[in-house]
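Contents: one structure, followed by commentary.
Every chain is numbered from 1, with letters handed out A, B, ... down the list of sequences. Predicted model, so just to flag it, every value in this text is computed and none were measured.
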Amino acid sequence: MTTSNTTPEPGRFDAASADPRWQAAWDAAQTFKADDASAKPRSYVLEMFPYPSGRIHIGHVRNYTMGDVLARTKRMQGFEVLHPMGWDAFGMPAENAAMEQGVHPGGWTRANIASMKAQLKRLGFALDWSRELATCEPDYYGHEQALFLDLYAAGLVYRKESAVNWDPVDMTVLANEQVIDGRGWRSGALVEKRKLSQWFLKITQFADELLDGLDSLDKWPEKVRTMQANWIGKSQGAELSFALSDGAQLDVYTTRPDTIFGASFVAVAADHPVALAAAARDPAAATFIALCKQGGTTAAEVETAEKLGFDTGLTARHPFTGAALPVTIANFVLMEYGTGAVMGVPGHDQRDFDFASKYGLPIVRVIAASAEVADEPLTEAAAGDGICVHSDFLNGMSVAAAKAEVIARAEGEGWGAGKTVWRLRDWGVSRQRYWGTPIPFIHCEICGVVPVPKKQLPVVLPEDVDFKTPGNPLERHATWKHAPCPQCGKPARRETDTLDTFVDSSWYFLRFASQPGDQPFDRAAIAKWLPVEQYIGGIEHAILHLLYARFWTRALAHIGLIDVTEPFASLFTQGMVTHETYSRSEEWLDTLLNSGEPAKIVEWFAPTEIYKRGGKAFLIKDDQEVAIGRVIKMSKSKKNVVDPDAFITDYGADAIRWFMLSDSPPERDLPWSVAGLEGCARFVQRLWRLFGQYDPTVQGTDQGLDRQVHKTIAAAAEDIAALGFNKAVARIYDLANATEKAAPSASRSAAIRTLLLLVSPMMPHLAEEAWAQIGGAGLIADAAWPPVDPALLVEDEVTIAIQVLGKLRDTITVAKGLPREELEALALASDKVQRALDGKAVKKVIVVPDRLVNLVA
RNA sequence: GCGGGCGUGGCGGAAUGGUAGACGCCAGGGACUUAAAAUCCCUUGAUCUUUGAUCGUGUGGGUUCGAGUCCCACCGUCCGCACCA
């Protein structure tokens, strides 16, 4: 079933020859070039740009096919569409390749871009390639440096000492996900925490805006908005100051000031100054702190970790009762959140409850459903709402009122205040890496940290670097880091950190709208094109990329460079492409570890290594049966990946595109199957034969077919606008089936022509070929979406369901708009209905006009 | 633990509270053919006493003339976050 390497049969659509021919025709005519000066309404359709890993994977194909259908449909519907493509081209895989294969990251990346671009072209995407950009080129990252300097001038960039994961063997900084069980993923060396002076972006300054802005994003998935809101993590409470027995003050943060009468201890984080002071005078405290730091941070470890404390011997004076509360160092208090110190209220916080139970501290109920149950004992922390009890002047107050009262008193007496705390941290953007945007600063011993003057931008990465020795090549480059200070001219040192690649992807959608040489973007062009009308990408970017892009857009608006605040009006997160797995497993008794537990050794096989017969899978090499496993996300380790390129060759771009749109709703996972793809290829051929029957000379109308044609046009347009591609596909199948069966008529020829237009965004190559054959004017890519005749959307006959007691007993086909009485009479006239009634009297009749009659007996 | 999504034939799925299973895949039967491929036609939720009937959308309740759809409780599953005070 391959069309490659074989002479095309007559009467068959030959994708191998048609696909490249039409791709070349679109290129030559610059069909998909967006016109900035167009008077048409605009639509900016964008898919998340890919990292140039070397090969397009099937997830890209699905993502870009969806965007492409939308972009092509919008074009047909009269919009000036901007549908660009670029490359998120900086990042670690290029450096890894450099280390492993001895190639230059730039050469490796650019070669990957070239081959992936060729793959995208083979799929026939309607992209404006004139706006292609790669973030690794100076004409992109130079502008990024300029924007970084603008943000610096506006006070949104600063430097701060911060801890990093340091691999002492590779002499490099590791991202958190590169640290596996405390060891470097590549070297296996124990990772150290090191303090380095690093660059930060003040995203926290926009925390409120970024949170409130989520409310305006009503075309974003609820899930993504919730994830972002949780990430920003706004909590409202109070910062309260406790007087310590040694004369010092200790500030704690709480969201529950209303429970202050239930406080029975105060706890500080292991690295809190109070804890460090305790360690200085007491070696046992120092030992305990060291123990706390050993604790793991994985979910399972945190879940099961026992609450541990160390009494400092200090006490804190309760601001209302004057009670002396013990001050302990606790392993469950985080220095990074709030003030790094908490008041322990065991009755109403589960962690405090566990802690108090272990160390025998008082557990007092201060919130109860009512005053009557104020003394009901607690078996666990009570988190629910209620009124205050055992709380002096708060007694009887609601939680909300008590919060306000405690804050008011604290403020009045000067020992506390209401405070909002955010989970969001400022964004550390320094990376001690070569393959990224150089941070445009110079360190001068006299002048300090000096920005590179804009006219000296871009600060270009040196080409002559080697990766044979570990560490940052920029750091050890012979000349690159030596630069004169822009202020005093004395020899100084260039910043050798580069920017996090998330910075590159935080503004690329702006650069697509216009690409002036002398500035990052043209403000007027951005006002014209932005916000992106429809952004499509994977759920894995729900938080970081999308939050950073929103932040950059707001920050650039804040400093007056652009006029939009939200970059993506509508967001769609598409599901993954999945595949069954094939494996063979053997169980071994694990005697080495002496556990006596059988260990499973699993061997995985790629789809290309097996064949299927009778619903079972066998290995090609030895005909052994293998187990067919669950349908899961494609991954290299499970070997269930498929390479789209081979399938494009065998089945043509249109069959793959059609498959990507069929069956599964786009937000859900799509199980890849060759059988399904073959079905799509068959449909391509079926349509080709149908299109070949187009005959404009035949006379006569077929009103039923006319109606279905116009209903399909209207419904498919709605489905595509809502990204319900699977539904649009089903309707097109329906219409194709009906058209095939219809007798020749002018209506049938019109149906064929309409069908051709409807499938053209999805199967553009087949559509162009058939369009040319039936004598359509120009390219079908430039044709208009077929108009709908509203008169044909109205049925004149309807099928009415007849129910007895809600159960379907019969259906009748009648003229539309029949009055209730007539419908009732017709229903009662039915034999089947009479049989179902079985002589019982009808007590009530429900008539839904043009829909159903329900007889209640 | 918290938050969110999803449970419908062998499979992917469709269905403004109103005819459950559209459409596709798989499977089975037939036609054409020397044969195969391709193509076309038919069948295809389950059960039964099969001109028809009964059951059927994870489970148990409820609202309604009528529930896959709404409400309550539960089960399963997937995803995200997580010692965030």
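One finds no side-chain N or O of Y253(A) lying less than 4.0 angstrom from the OP1 or OP2 phosphate oxygen of A85(B). Side-chain nitrogen and oxygen atoms of R425(A) include none within less than 4.0 Å of the OP1 or OP2 phosphate oxygen of C84(B). OP1 and OP2 of A38(B) both lie 4.0 Å or more from every side-chain N or O belonging to R689(A). The side chain of R423(A) contributes an N or O atom lying less than 4.0 Å from OP1 or OP2 of A82(B). For the OP1/OP2 pair of G4(B) and a distance below 4.0 Å, the side-chain nitrogens and oxygens of N230(A) include no atom meeting the criterion. Side-chain N/O atoms of R809(A) include none lying less than 4.0 angstrom from OP1 or OP2 on G66(B). Considering only side-chain N and O atoms, K844(A) lies under 4.0 angstrom from the phosphate OP1 or OP2 of C65(B). An OP1 or OP2 oxygen of C84(B) is reached within less than 4.0 angstrom by no side-chain nitrogen or oxygen of K234(A).
When the C1' atom is used for both C83(B) and U64(B), the distance is 48 Å, rounded to whole Å. C48(B) sits 26 Å from G58(B) when the C1' atoms are compared, rounded to a whole Å. For A22(B) and A31(B), the P atoms lie 27 Å apart once the distance is rounded to whole Å. Separating the C1' atom of C55(B) from that of A20(B) is a span of 13 Å, rounded to the nearest Å. Atom C1' of U59(B) sits at a distance of 34 Å from the matching atom of U43(B), rounded to the whole Å. Rounded to a whole angstrom, the distance from the P atom of A14(B) to that of G76(B) is 26 Å. Comparing G30(B) with C78(B), their P atoms sit 43 Å apart, to the nearest whole Å.
Contact annotation for Y733(A): backbone-only contact, meaning every heavy-atom pair under 4.0 Å involves sugar-phosphate atoms and none involves a base. If you check every strand for non-hydrogen atoms under 4.0 Å, K807(A) touches sugar and phosphate atoms only. Within the 4.0 angstrom heavy-atom criterion, only backbone atoms of the sugar-phosphate kind lie near S664(A); the bases stay farther away. Within the nucleic acid shown, V845(A) has no heavy atom closer than 4.0 Å to any nucleic acid atom. Nucleic acid contact for N726(A): sugar-phosphate only, since backbone atoms but no base atoms lie under 4.0 Å from a heavy atom of the residue. Nucleic acid contact for T799(A): base, since at least one base atom lies under 4.0 Å from a heavy atom of the residue. In this structure, V856(A) reaches the sugar-phosphate backbone alone: every heavy-atom distance under 4.0 Å involves primed, P, OP1 or OP2 atoms, never a base. At the heavy-atom level, R668(A) lies under 4.0 Å from the strands shown only through sugar-phosphate atoms.
No hydrogens or angles were tested; on distance alone, a donor-acceptor pair under 3.5 Å links the side chain of K307(A) to the base of C83(B). For U16(B), the base has a donor-acceptor partner in the side chain of R851(A) [N/O atoms by modelled type, under 3.5 angstrom]. Taking 3.5 Å as the limit, the base of A85(B) and the side chain of R351(A) contain a donor-acceptor pair of atoms between them.
Using cut-offs of 30° and 60° on the angle between ring planes, the pair Y733(A) and F683(A) is tilted. Aromatic ring pairs are classed by plane angle as parallel below 30°, tilted from 30° to 60° and perpendicular above 60°; the pair Y651(A) and F647(A) is parallel.
Two rings, from F261(A) and H318(A), have their centers less than 6.0 Å apart.
Position along RNA chain B of the nearest nucleotide to V729(A) versus A801(A) favours A801(A) as the more 5'-ward residue. Comparing P665(A) and L852(A) along RNA chain B, the residue whose closest nucleotide (by nearest heavy atom) sits nearer the 5' end is P665(A).
U50(B) makes up no base pair with any nucleotide shown, lacking Watson-Crick or G-U wobble contacts both under 3.5 Å. Across all strands shown, the partner of C23(B) is G12(B), judged by Watson-Crick or G-U wobble contacts whose two distances both fall under 3.5 Å. Base-pair partner of G7(B): C75(B) (Watson-Crick or G-U wobble, both distances under 3.5 Å). Across all strands shown, A36(B) remains unpaired; no Watson-Crick or G-U wobble contact has both distances below 3.5 Å.
Nearest nucleotide to the T811(A) side chain, out of G24(B), A38(B), U19(B): U19(B). Candidate nucleotides A22(B), A85(B), G24(B) were compared by shortest atom distance to the side chain of D734(A), and A22(B) ranks first.
The closest donor-acceptor contact from the side chain of T339(A) to the backbone of A341(A) lies under 3.5 Å.
The shortest side-chain heavy-atom distance between L571(A) and P221(A) falls under the 4.5 Å cut-off. Looking at C680(A) and M660(A), their side chains never come closer than 4.5 Å, going by heavy atoms from C-beta outward.
The pair D215(A)-R225(A) does not count as a salt bridge, with every side-chain nitrogen at least 4.0 angstrom from each carboxylate oxygen.
Atom CG of D831(A) is surrounded by 12 or fewer heavy atoms from other residues, nucleotides or ligands within 6.0 Å.
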